[in-house]
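Below is one structure; the comments refer to it alone.
Below, chains carry the letters A, B, ... as their sequence lines are ordered, and counting in each starts from 1. Any value given below was found using the heavy atoms of this structure, including those in side chains, with hydrogens, waters and symmetry copies removed.
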Amino acid sequence: MKAVIPPVKGTRDFYPPQMAVRTWLYQTVRRVSESFGYQEYEAPILEPLALYAAKSGEELVKKQSYVFTDRGGDEITLRPELTPSLARMVAQKQGELVFPLRWWSFGPFWRYEKMQRGRSREFFQWNIDMLGVNSPEADAELVAIAAEFLRTVGLTPAQARIFVNNRRLMEAEFERLGIPPEKRGEVATLVDRRSKMEAAEWEEYATEIGLSGAQLNGLKSLLANEALWQQSEELTRLFEVLRALDVADYVQFDPNIMRGLLYYTGTVFEAFDITGGVRRAILGGGRYDNLLADVGGDPLSGVGFAMGDVVIGIILSELGLIPPLRVQPASVLVTVFSSELLPETLRLAAELRRSGLFVATYPESAKLPKQFKYADRLGMQAVLVLGPDELATGQVTVKDLKRGQQVTVSRTEVYAVVMKILTEA
RNA sequence: GUGCCCAUAGUUCAAUUGGCGGAACGUCUGACUGUGGAUCAGAAGGAUGUGGGUUCGAGACCCACUGGGCACCCCA
């Protein structure tokens, strides 16, 4: 093969089979979002770099964003996340929108990172948020949506779990341990890394940060305390609602969940595959109370989460949870017997399309075996033949490819015969 | 950005201590001039990822690059 210009690193070509999976995921996300009353929206793919400067976190902005200068000299970013765009859109129309506002979106994002399993530089992400309410009940609704999604795609609580924590609770506990406010960011990172490091190495890291032995021990018992949530009124109310929504079996308290984004202020959560296939978060989110003010709006709090298509795609594919998807839209191929019969063939195809069937014609006259094979390879269910014999009697031959049976019927009956084949398939 | 592993036909893989690059599946043609899948026969398909080096001779050994995988980092 001659040299083909390769795709941009980290992007994926979606051939029809992969596109069918992406569309299926989109439709599943849509169904779950809409079942809770969320409205679909979309933001620009290009945004000013300044939009992310405020709160997205330095790593994300400075190292992972695609930034370029446009012809007018402005610094433009290919969006690495959606929440700042959402904040702007809401801030711009804050006076006329109806709150609490429930919105969802599914679109492309870009992050410049090292390629590895579960990560690509161009990915699709589901975002869903509720703005204008600051309550544990609102937090619970978003967690419940995440759980319903997992249930809808067929993941059981034994396969996937949502881990929940609360930053305010952790702040209070850090306070109790005498950890000064300026050190809490580092301690949060320390907590975040615990599952990724050897125990001894982790303790060494804790000492480096400046934790005393007593503080370290306090922190360790804190992180091992599965009942800690009971000290948080927010989490207590959250779990109560989750039980009422019948998703509690998907959700579990975990004081180790902190999350990297700076703008989270209260409840945070992440879903993981717990069968061990992929160790990355399937989805993650939480409560943010200051985001709108940061982009110039009036203070308004929100809660939401995001799910990338890559990790969930790997997990569902490995567990065999992606249903068989139809890649071929046409169910019928009308063969072209000869050049002379081409106009009549096209007329037949047009008639059937107007009656509602999805019909492809062979684009030229060719041997019938070739045309039958074409229909078979593309996954069509019926093949029609209009040859000299049929033309003479005003009939059409309809073959059911799956059963291998065929009938020759009058032209007015073709639609009904094809429909019978399709419904029986 | 750091470290380790990998790269041979469209795909999955062979090729002995360095000695003329093969197979299966897939594709195409025919057996079958009005019928797909199954079977049989035949054919096409490769500058062994790119560029250097060692050697009489490199798919194999050495270096760099590109692409991919895994771990770190970060995160969806």
Side-chain angles (χ1 to χ4, degrees), chain A residues 1-12 25 29 56-65 79-83 105-128 146 149 189 192-193 196-198 201 257-262 269-273 278-286 304-315 333 335-338 341 362 365-391 396-406 408:
Chain A
M1 191 167 68
K2 293 203 182 80
V4 173
I5 295 172
V8 172
K9 187 171 174 173
T11 62
R12 290 166 292 166
L25 184 63
V29 158
S56 292
E58 206 166 292
E59 173 85 16
L60 187 58
V61 178
K62 292 197 174 153
K63 291 173 71 179
Q64 294 195 333
S65 290
R79 62 182 190 188
E81 60 161 336
L82 189 61
T83 308
S105 183
F106 184 87
F109 295 85
W110 292 265
R111 288 186 195 175
Y112 193 87
E113 28 183 351
K114 174 82 173 155
M115 293 297 302
Q116 57 183 295
R117 181 176 165 84
R119 284 290 174 268
S120 62
R121 289 180 174 178
E122 179 180 63
F123 56 97
F124 288 78
Q125 197 178 66
W126 175 30
N127 281 265
I128 183 161
F149 171 82
T189 307
D192 196 45
R193 291 200 187 153
K196 297 165 187 165
M197 297 173 85
E198 295 294 323
E201 199 185 353
I257 298 291
M258 291 301 284
R259 298 192 53 70
L261 293 177
L262 299 175
F269 55 94
E270 282 184 328
F272 285 92
D273 165 22
V278 185
R279 287 186 55 194
R280 293 177 180 285
I282 296 170
L283 57 87
F305 68 84
M307 179 186 79
D309 69 313
V310 182
V311 171
I312 190 71
I314 293 171
I315 292 168
L333 178 76
T335 58
V336 177
F337 191 87
S338 64
L341 285 169
Y362 204 80
S365 169
K367 289 179 180 173
L368 280 181
K370 194 171 179 182
Q371 300 189 51
F372 270 80
K373 190 166 187 174
Y374 180 77
D376 186 47
R377 296 277 313 271
L378 284 182
M380 299 186 197
Q381 289 132 293
V383 173
L384 271 48
V385 179
L386 177 52
D389 298 347
E390 287 87 355
L391 187 68
V396 173
T397 296
V398 182
K399 179 157 185 177
D400 180 340
L401 283 187
K402 195 172 174 190
R403 290 184 180 70
Q405 297 164 348
Q406 68 178 47
T408 300

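- B:rU54 and B:rA44: their C1' atoms are spaced 37 Å apart (whole Å).
- Of the candidates B:rG36, B:rG34, B:rG67, B:rG36 carries the atom nearest the A:Leu401 side chain, counting heavy atoms from C-beta on.
- Of the nucleotides present, none pairs with B:rA15 by Watson-Crick or G-U wobble criteria with both distances under 3.5 Å.
- The nearest whole Å value for the distance from the CG atom in A:Asp389 to the P atom in B:rG34 is 10 Å.
- Checking B:rA41 for Watson-Crick or G-U wobble geometry (two distances, each under 3.5 Å) identifies B:rU29 as its partner.
- The two residues A:Leu391 and A:Leu386 have their closest heavy-atom pair at N-CD1, 4.1 Å.
- Rounded to an integer number of Å, the gap from A:Phe337 CZ to B:rU33 P is 12 Å.
- Stacking is found between A:Phe123 and the pyrimidine-like six-membered ring of the B:rA76 base under the 5.5 Å centre-distance and 30° plane-angle cut-offs.
- Listed nucleotides B:rG37, B:rU35, B:rA76 differ in distance to A:Phe372; the shortest reach to its side chain belongs to B:rU35.
- One distance of note links CG of A:Leu401 with CE of A:Met380; it measures 9.5 Å at 0.5 Å rounding.
- Taking only side-chain atoms of A:Ala281, from C-beta outward, the nucleotide of B:rG68, B:rG34, B:rA76 with the closest atom is B:rA76.
- Among the nucleotides B:rA76, B:rG36, B:rG34, the one closest to any side-chain atom of A:Arg111 is B:rA76.
- When distances are taken from the side chain of A:Glu390 to each of B:rG30, B:rG36, B:rG34, the shortest belongs to B:rG34.
- When the P atom is used for both B:rC73 and B:rA15, the distance is 38 Å, rounded to whole Å.
- Of the candidate nucleotides B:rG36, B:rG34, B:rU35, B:rU35 has the atom lying nearest to any side-chain atom of A:Gln406.
- The CG atom of A:Leu25 sits 6.5 Å away from atom CG of A:Asp309, with the distance rounded to the nearest 0.5 Å.
- Applying the Watson-Crick and G-U wobble criteria (two distances, each under 3.5 Å), B:rC72 pairs with B:rG1.
- In terms of phosphate contacts, A:Arg377 brings a side-chain nitrogen or oxygen within less than 4.0 Å of OP1 or OP2 of B:rU27.
- Ring-plane geometry between A:Trp126 and A:Phe149 is classed as tilted, the angle between the planes lying from 30 to 60 degrees on a 0 to 90 degree scale.
- In textbook terms, a nucleotide whose glycosidic angle is within 90° of 0 is syn, and B:rA47 is one such case.
- When the options A:Lys370, A:Lys367, A:Gln371 are evaluated for a side-chain contact (heavy atoms from CB on, under 4.5 Å) with A:Thr335, the one that passes is A:Gln371.
- For A:Lys370, taking side-chain heavy atoms from C-beta onward, the closest of the listed nucleotides B:rU29, B:rG36, B:rG34 is B:rU29.
- B:rG34: no Watson-Crick or G-U partner with both key distances under 3.5 Å is found in any strand.
- Going from the P atom of B:rU29 to that of B:rG45 covers 16 Å, rounded to whole Å.
- The side chain of A:Lys399 approaches B:rG36 more closely than any other nucleotide in the set B:rG36, B:rA76, B:rG34.
- Across the strands present, B:rU54 finds no partner; the criterion is a Watson-Crick or G-U wobble pair with both atom distances under 3.5 angstrom.
- Applying the Watson-Crick and G-U wobble criteria (two distances, each under 3.5 Å), B:rU48 pairs with nothing in any strand.
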